[in-house]
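Fair warning: this is a prediction, and the values are worked out from it, not measured in the lab. Counting begins at 1 with the first residue of the sequence. Reckoned from all heavy atoms, side chains included, excluding hydrogens, waters and symmetry mates.
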Amino acid sequence: MTGLTDMRQRVTVLHTCLEPAIEGSAARVHGEVICRGLTRRGLRVVRNWNTAASPSGPGGRFSTWSRYWWRTLRSVRHVDAVYCRWHVVDLPTCLLARLHGKRLVLEVNGGLGDVPIAHPRARTLAPLLRLLARTEFRLAHSVICVSPGLQAWVRRTARGHTDVRWARNGADPELVRRRRSAAVPAYACFVGVLAGWQGIELLLAASASPHWPQGVGLQVVGDGQHAGLVRHAARKLPHIRYHGRLPRDRALEVLAASSVSLCLPTSDLERNQINGIPFKLLDSLVLGVPAVVSPLRQQTNTVLLAQGGITVEETARHVALAVADLVGQSRDSERRALSTRSAALLSWEYAIDTAEAAVAPAG
């Protein structure tokens, strides 16, 4: 055991993230977990994260990216492996790792489906983006995906040239300590990016439906493309409260006190069909808050495993009725049992095992 620990302590990993790893973001949460886990296993981890909020305009983005790549260049020669949260334009990090003879591991959390949704004008760049993705995957020694759907996509894209594994997202078991009783009056909660693929319009339609339970509020935490829709709904309907973006600790407080959380990514979008389990769903379950989810396989399997929610048809009526059903079941004993169950079942340990094996393979 001592020999293994000594060997691990000689391995230095550069963890990189071009996607903005700002407070409360999925990139930040995932990165923190992997870095802490590898450190706990005896590896030394150096971070190079883009922590700037998304700058406006191509000039601002390129300036931010250039500084990130310069830091990568300065760090890469002093490490043994590079663990990179994959971003389709991060080809320089892949090239720098290989040119310096370092082991390159890519962590894939999403495909190319986000690009045309967030940036419709980028549709014309689809062939170039596919070429970049194929090149980056082929440069990697190993690729870790957060879902079987992403694993299949990477394998098709890389065409057999790369070791491709998958390890699902996990939940922080320490969140059990944040569990609390449901607030009175009761409210449902959405925490996350207000993007076009998140089902925000369905969420708002459900809250305005005659089937929405009387006296139950809706609290929304986050910012993004559909923030204007949420602000407008909050002005019209007094039971809706919009918090905007909050620090992660405060967002978790709002989620922990809710009677039910809502996780409704649109099920007919390919990017949602192949992506991993949303962090907001995992956080909710470990906090003991049951969830209403859209009919995506990974979400459905997760709430079934934890016995903590309902999968619904994507109509305002079905969402509203499910909220009413779960609000009526939000007793302390049930929340405590859900929290304990979820913390045990939805651990990050397998993802950390997979990351360790990729950056420091035995032998």
Side-chain angles (χ1 to χ4, degrees), residues 20 22-29 53-54 56 110 114 117-120 182-183 185-269 271-272 275 278-284 287 289-294 296 299 309 312-324 326-327:
I22 57 178
E23 174 67 29
S25 67
R28 182 68 168 253
V29 172
S54 298
S56 59
D114 294 1
I117 298 173
H119 309 284
Y187 64 86
C189 182
F190 173 89
V191 176
V193 178
L194 305 181
W197 56 79
Q198 293 275 31
I200 303 302
E201 291 169 310
L202 172 61
L203 171 78
L204 296 176
S207 70
S209 161
H211 302 285
W212 187 266
Q214 188 173 8
V216 174
L218 171 64
Q219 299 200 20
V220 178
V221 178
D223 197 5
Q225 180 183 2
H226 285 339
L229 292 178
V230 180
R231 288 192 191 95
H232 178 70
R235 285 194 294 267
K236 285 180 58 179
L237 299 172
H239 70 285
I240 298 179
R241 180 179 178 187
Y242 178 46
H243 294 270
R245 181 187 290 277
L246 294 177
R248 177 163 167 79
D249 282 352
R250 178 69 185 114
L252 288 173
E253 288 176 9
V254 176
L255 178 59
S258 65
S259 292
V260 54
S261 71
L262 297 154
C263 190
L264 302 166
T266 309
S267 66
D268 61 0
L269 287 177
R271 61 90 57 199
N272 288 342
N275 279 6
F279 284 118
K280 57 179 167 283
L281 174 57
L282 296 165
D283 289 346
S284 173
L287 288 168
V289 179
V292 176
V293 303
S294 52
L296 291 163
Q299 294 192 147
V312 295
E313 293 182 36
E314 290 161 287
T315 71
R317 175 177 176 273
H318 283 95
V319 172
L321 290 173
V323 169
L326 290 179
V327 166

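Using a 4.5 Å heavy-atom threshold, the side chains of V292 and L326 count as touching. At a threshold of 4.5 Å between non-hydrogen side-chain atoms, the residues L218 and V323 do not count as touching. A heavy-atom distance below 4.5 Å is found between the side chains of D283 and R248. Using a 4.5 Å heavy-atom cutoff, the side chains of F190 and K280 are in contact. Side-chain contact between V191 and S261 is absent, with no heavy-atom pair separated by less than 4.5 Å. Put simply, the side chain of C189 does not reach to within 4.5 Å of the side chain of V289, judged on heavy atoms.
Interatomic distance, T315 OG1 to L321 CG, rounded to the nearest 0.5 Å: 8.0 Å. Residue L262 holds its CG atom at 11.0 Å from CG of L281, rounded to the nearest 0.5 Å. Between the CG atom of L237 and the NE2 atom of H232 there is a distance of 8.5 Å, given to the nearest 0.5 Å. To the nearest 0.5 Å, atom CG of residue N275 and atom CD of residue Q299 are 10.5 Å apart. Between L194 atom CG and L204 atom CG the span is 9.0 Å, to the nearest 0.5 Å.
The shortest non-hydrogen separation linking V216 to A188 is CG1-N, 4.1 Å. Closest approach of P278 to C263, counting heavy atoms only: CG-SG, 3.7 Å. Across all non-hydrogen atoms, the minimal contact from A251 to L246 is N-CB, 4.1 Å. Listed here is the closest heavy atom pair of A186 and S259: CB-OG, 3.4 Å.
Put simply, the side chain of Y242 never gets that close to the backbone of A227: no donor and acceptor are under 3.5 Å apart. Judged by distance alone, with hydrogens and angles left aside, the side-chain atoms of N272 form a donor-acceptor pair with the main-chain N or O of W197 at under 3.5 Å. Within the 3.5 Å criterion, the main-chain N or O of L202 finds no donor-acceptor partner in the side chain of E314. Under the 3.5 Å distance criterion, the side-chain polar atoms of S294 are left unmatched by any main-chain donor or acceptor of T266. Between the side chain of S209 and the main chain of H211, a donor-acceptor pair closer than 3.5 Å is present.
Residues satisfying the side-chain hydrogen bond (donor to acceptor under 3.5 Å, both in side chains) test with S25, not counting sequence neighbours, are none.
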Worked check of side-chain contact (heavy atoms from CB on, under 4.5 Å) between Y187 and R241: CA-CA 10 Å; Y187 64 86; R241 180 179 178 187; over 6 Å; no

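A donor atom on one side chain and an acceptor atom on the other are found under 3.5 Å apart for Q219 and H243.
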